[in-house]
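Residue numbers start at 1 and run along the sequence shown.
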Amino acid sequence: MSSSLSTRLKYVSLGVLVVQTTSLVLTMRYSRTLKEDGPRYLASSAVVSAELLKILACTLLVFREHSKYVRALNQVLKEEIVNKPMETMKLAVPAGIYTLQNNLLYVALSNLDAATYQVTYQLKILTTALFSVTMLGKRLGCNQWLSLLILMAGVALVQWPAESADASQQTSLSAGFQFVGLMAVLTACFSSGFAGVYFEKILKETKQSVWVRNIQLGLFGFVFGLIGMLMYDGQRVRESGMFQGYNKITFTVVVLQVRVGVSRSLKTSAVNHSQSPLLHSFLHIILLVHSAMITPLHICDINNSVLQYKCTLVITAVHWP
């Protein structure tokens, strides 16, 4: 009974994560294309804000785990973070990669429609599989390798240009934007695969709480994000402030980023990592096609009929036994 309940909880948590991720992508795409008076919010600022909120959220979860005693919280943070500098430093690598990845996702969604981004981003299954084989020593069966090849073909078809009446008017402009977005999402796929497997390896080798590990990730992510913001957007921050262009949609994006990050860490520690990416992405793409049908086109820029046919091959790959 307990095993059955645990399995159900894993699938429910996975489904919740997929819904949150899909909502994040659609909301983020909308926030990056929304036309308003004044400057648009800085993506680097949103990444820093999300890391800060994640630190606060995970600190509250550790506080709750220890019966809401401030002294116990201080002791845990001191013992696990301050007194174990080498263990803490291990998180600098995935934290830096995740910070880069989060910034790349803003670039990708500023140049690609939400649906194309979602499907292309499923290539992280391939990179996760490759890094799992090389770093964790996992073995994949013939069916799994075949599904990865079909996945690559499906993603390639999604990138195939669709015919349209006014395509010749904006071909060069849209091609340039799509190339930038494609390079950003492909780089994010590799960084996501490596960081996810590296983080899983750390969780398996130590007995620290996943929330403590997330606080360590958040601390490094906050520092790296702050440095990146000052390097690339320092002038704009000095002129108009870090929170320029923020509105309700921006705050929603930041909160969703925190929820997705925390949920993904929990899923990594609780679900079999060799199976979850396939199921995760299958549910992800089903929700993608559904959102393509129900979401206003000015939010997603989706060519529904064409994209759904192209998604079929990707779904086949992800659902391959």
Asks: Could you give the distance from CG (Asn103) to CE (Met229), rounded to the nearest 0.5 Å?
Replies: 10.5 Å
Asks: May I have the step-by-step check of side chain to side chain contact (heavy atoms under 4.5 Å, CB included) for Leu230 and Asp233, ending in yes or no?
Replies: CA-CA 5 Å; Leu230 294 177; Asp233 296 312; over 6 Å; no
Asks: Apply side chain to side chain contact (heavy atoms under 4.5 Å, CB included) to the pair Leu91 and Arg213, showing each step before the final yes or no.
Replies: CA-CA 8 Å; Leu91 274 298; Arg213 284 301 193 187; 2.9 Å; yes
Asks: To the nearest 0.5 angstrom, please state how far the NE2 atom of His66 sits from the CG atom of Asn74.
Replies: 11.5 Å
Asks: Which pair of non-hydrogen atoms, one from Leu109 and one from Arg29, has the smallest distance, and what is that distance?
Replies: O-NH1, 2.8 Å
Asks: Give a yes or no on whether Leu130 and Phe190 share a hydrophobic cluster (residues Ile, Leu, Val, Met, Phe, Trp, Tyr; joining criterion: side-chain heavy atoms under 4.5 Å apart).
Replies: no
Asks: If you group Ile, Leu, Val, Met, Phe, Trp and Tyr by side-chain heavy-atom gaps below 4.5 Å, do Phe251 and Leu53 land in one group?
Replies: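 Yes, Phe251 connects to Leu53 through the hydrophobic network.
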Asks: Taking atom OH of Tyr121 and atom CD of Gln101, what is their separation to the nearest 0.5 Å?
Replies: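 So the OH of Tyr121 and the CD of Gln101 are separated by 3.5 Å.
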Asks: Rounded to the nearest 0.5 Å, what separates atom OG1 in Thr27 from atom CD1 in Ile249?
Replies: 7.0 Å
Asks: Shortest non-hydrogen contact from Ser110 to Arg32?
Replies: OG-NE, 3.1 Å
Asks: Answer with yes or no whether the hydrophobic clustering places Val70 together with Val62; edges join I, L, V, M, F, W, Y residues whose side-chain heavy atoms lie under 4.5 Å apart.
Replies: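 Val70 clusters together with Val62.
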Asks: Walk me through it: do Glu87 and Lys90 pass the test side chain to side chain contact (heavy atoms under 4.5 Å, CB included)?
Replies: CA-CA 5 Å; Glu87 289 294 321; Lys90 289 182 180 178; 3.3 Å; yes
Asks: Evaluate Ser49 against Gln257 for side chain to side chain contact (heavy atoms under 4.5 Å, CB included), listing each step before the verdict.
Replies: CA-CA 10 Å; Ser49 300; Gln257 264 196 311; over 6 Å; no
Asks: Using every non-hydrogen atom in the two residues, find where Val107 and Ala184 come nearest and quote the distance to one decimal.
Replies: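 Answer, listing the atom of Val107 first, then Ala184: CG1-CB, 4.0 Å.
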Asks: Can you establish whether the number of heavy atoms outside Met89 located under 6.0 Å from its atom CE is more than 12?
Replies: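 Atom CE in Met89 is not packed in, count stays at 12 or less.
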Asks: Please evaluate residues Thr99 and Asn102 with respect to the criterion side-chain hydrogen bond (donor to acceptor under 3.5 Å, both in side chains), reporting the C-alpha separation (whole Å), side-chain torsions for both, the decisive distance (0.1 Å), and the verdict.
Replies: CA-CA 5 Å; Thr99 303; Asn102 289 334; 5.7 Å; no
Asks: What about Leu100 and Leu182, same hydrophobic cluster or not, with Ile/Leu/Val/Met/Phe/Trp/Tyr joined at side-chain heavy-atom distances under 4.5 Å?
Replies: no
Asks: Nearest 0.5 Å, please: how far is CG in Asn214 from CG in Leu61?
Replies: 9.0 Å
Asks: Looking at side-chain heavy atoms only, is the closest gap between Gln75 and Tyr69 below 4.5 Å?
Replies: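 Gln75 vs Tyr69: side chains apart.
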Asks: For atom CZ of Phe63, decide whether the heavy atoms of other residues, nucleotides or ligands shown that lie under 6.0 angstrom number more than 12.
Replies: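 Yes, because the 6.0 Å sphere around CZ of Phe63 holds more than 12 heavy atoms from other groups.
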Asks: Report yes if some heavy atom in the side chain of Glu65 is under 4.5 Å from a heavy atom in the side chain of Val76; otherwise report no.
Replies: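 Contact flag for Glu65/Val76 side chains = no.
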Asks: Tell me which pairs pass ring pair (Phe, Tyr, Trp, His ring centres under 6.0 Å) where either residue lies in residues 39-60, with sequence neighbours left out.
Replies: none
Asks: For Thr88 and Gln216, which heavy atoms make the closest approach, and how far apart are they?
Replies: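 Reported closest heavy-atom pair: OG1-NE2, 3.1 Å.
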Asks: Is there a side-chain contact between Leu56 and Leu60 in this structure, where contact means two heavy atoms from C-beta onward sitting under 4.5 Å apart?
Replies: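 A side-chain contact under 4.5 Å is absent here.
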Asks: When you compare the side chain of Met135 with that of Glu200, does any pair of heavy atoms fall below 4.5 Å?
Replies: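 Result no, sub-4.5 Å side-chain heavy-atom pair not found.
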Asks: Taking the side chain as C-beta and beyond, is there a heavy-atom pair between Val185 and Leu104 under 4.5 Å?
Replies: no
Asks: Could you tell me if the side chain of Tyr198 sits less than 4.5 Å from the side chain of Ile97, heavy atoms only?
Replies: no
Asks: Nearest heavy-atom pair of Lys124 and Ser192: which atoms, and what distance?
Replies: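 Where Lys124 meets Ser192 most closely, the heavy atoms are CD-OG, 4.0 Å.
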Asks: Side chains of Gln244 and Leu42: closer than 4.5 Å at any heavy-atom pair?
Replies: yes
Asks: Test: ring pair (Phe, Tyr, Trp, His ring centres under 6.0 Å). Region: residues 214-244. Which pairs qualify, not counting sequence neighbours?
Replies: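 Counting only pairs at least two positions apart or across chains, the ring pair (Phe, Tyr, Trp, His ring centres under 6.0 Å) contacts touching residues 214-244 are Phe243-Tyr246.
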Asks: Which heavy-atom pair separates Ile215 from Cys58 by the least distance, and what is that distance?
Replies: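 Looks like CG1-CB, 3.6 Å.
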Asks: Could Glu239 and Arg236 be called an ion pair, given the rule that one side-chain N must be under 4.0 Å from one carboxylate O?
Replies: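 Arg236 and Glu239: not salt-bridged.
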Asks: Could you measure the distance from the CG atom of Leu24 to the OG atom of Ser31? Nearest 0.5 Å is fine.
Replies: 9.0 Å
Asks: Between Met231 and Val223, is there a shared hydrophobic cluster once you connect ILVMFWY residues whose side-chain heavy atoms come closer than 4.5 Å?
Replies: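 Same cluster: Met231 reaches Val223 through Ile, Leu, Val, Met, Phe, Trp or Tyr contacts under 4.5 Å.
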Asks: Can you check whether Gly228's main-chain N or O pairs, donor with acceptor, with Ser44's side chain at less than 3.5 Å?
Replies: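 Such a contact is absent between Ser44 side chain and Gly228 backbone.
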Asks: Any side-chain heavy atom of Val237 sitting closer than 4.5 Å to one from Ser45?
Replies: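 Contact flag for Val237/Ser45 side chains = no.
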